[in-house]
Amino acid sequence: MSLKPYEIDRLAHDLVLKFRDKKDKKNNDILGESHKMRMATAYGLERFWGEHLRLQRESQDKADFWKETWTTFCKIMKDAGITIPNDPVNVNDANSTTAIKAMANKLWTFGIPEKGVNPNEPTAVQPTIDELSEDEIEQYNNQRKIALSVLTELCDSMVWWTQRYKKPRNLKDKK
């Protein structure tokens with residue numbers, strides 16, 4: 001068995017540096033969002049993913065920070081052999097409600113094995129939890145636990161780097 005580094009800490013570092021100089025509409029640093037991201041991991045993948053949509057109304061830079069964190073998380077998981085849904089969704093599109101529902105459903109059912117595809121229906125159907133074997137339920141639970149653990153680790157690292165790189169509040173007063 002060989003070690004495969006996923007570089008979670010380096011990726012967190014890079015995210016914090018990329019967004020270090022960004023401000024919200026009230027001229028506040030957006031790096032404080034890393035603390036909110038870490039807290040949001042407790043509520044699951046679905047809520048974490050959806051936060052960037054809410055923030056688009058408040059601050060595009062905050063929304064971008066959350067979305068880029070999600071995209072980075074998806075890349076880490078893909079490198080580990082687990083594909084996390086990451087469909088593009090724009091709340092300003094006419095079809096945004098349909099796209100949000102589709103993405104949320106993919107996240108709610110992430111890790112549940114698909115039933116065989118019916119030739120009369122081109123899309124795969126997700127079974128209900130009652131239709132799964134104990135092994136499939138265990139696989140579902142394990143994939144979700146792994147995903148949440150990795151997302152939590154990414155956010156923990158981002159909080160650590162935020163604490164090191166956050167700018168002083170009154171930079172003008174320090175000069």
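Computed over heavy atoms, backbone and side chain alike; hydrogens, waters and symmetry mates excluded.
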Distance only, no hydrogens: is a donor on one side chain within 3.5 Å (strictly under) of an acceptor on the other, for [X] and [Y]?
X    : Y    : answer
W161 : D9   : yes
E46  : W108 : no
K78  : N86  : no

> Should I146 and L107 be regarded as members of a common hydrophobic cluster, given that ILVMFWY residues are connected when their side-chain heavy atoms come within less than 4.5 Å of each other, either directly or indirectly?
Replying inline: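 Per the 4.5 Å side-chain linkage, I146 and L107 are co-clustered.
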> Linking I/L/V/M/F/W/Y whenever any side-chain heavy atoms sit under 4.5 Å apart, do M37 and L11 land together?
Replying inline: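 Yes: a chain of side-chain contacts under 4.5 Å links M37 to L11.
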> Do H13 and Y165 have their ring centres less than 6.0 Å from each other?
Replying inline: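 Yes, they do, as the ring centres are separated by less than 6.0 Å.
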One thing to verify: whether [Y] and [X] come together as a salt bridge, which I'm taking to mean a side-chain N less than 4.0 angstrom from a carboxylate O.
X    : Y   : value
K167 : D21 : yes
E68  : K18 : yes
R47  : E51 : no
D79  : K75 : yes
D29  : K22 : no

>> With a 6.0 Å cut-off (strictly less than), is the heavy-atom count around NZ of K101, excluding the residue itself, greater than 12?
In response: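 Not more than 12 within 6.0 Å, no.
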> For atom NZ of K23, is the number of surrounding heavy atoms from other residues, nucleotides or ligands below 6.0 Å larger than 12?
Replying inline: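 Yes.
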> Measuring from F48:CZ to L151:CG, what's the distance to the nearest 0.5 Å?
Replying inline: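 The distance works out to 4.5 Å.
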>> If I compare all heavy atoms of S96 with all of V89, which pair ends up nearest, and what's the gap?
In response: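 Scanning both residues completely, I find the closest heavy atoms to be O-CG1, 4.5 Å.
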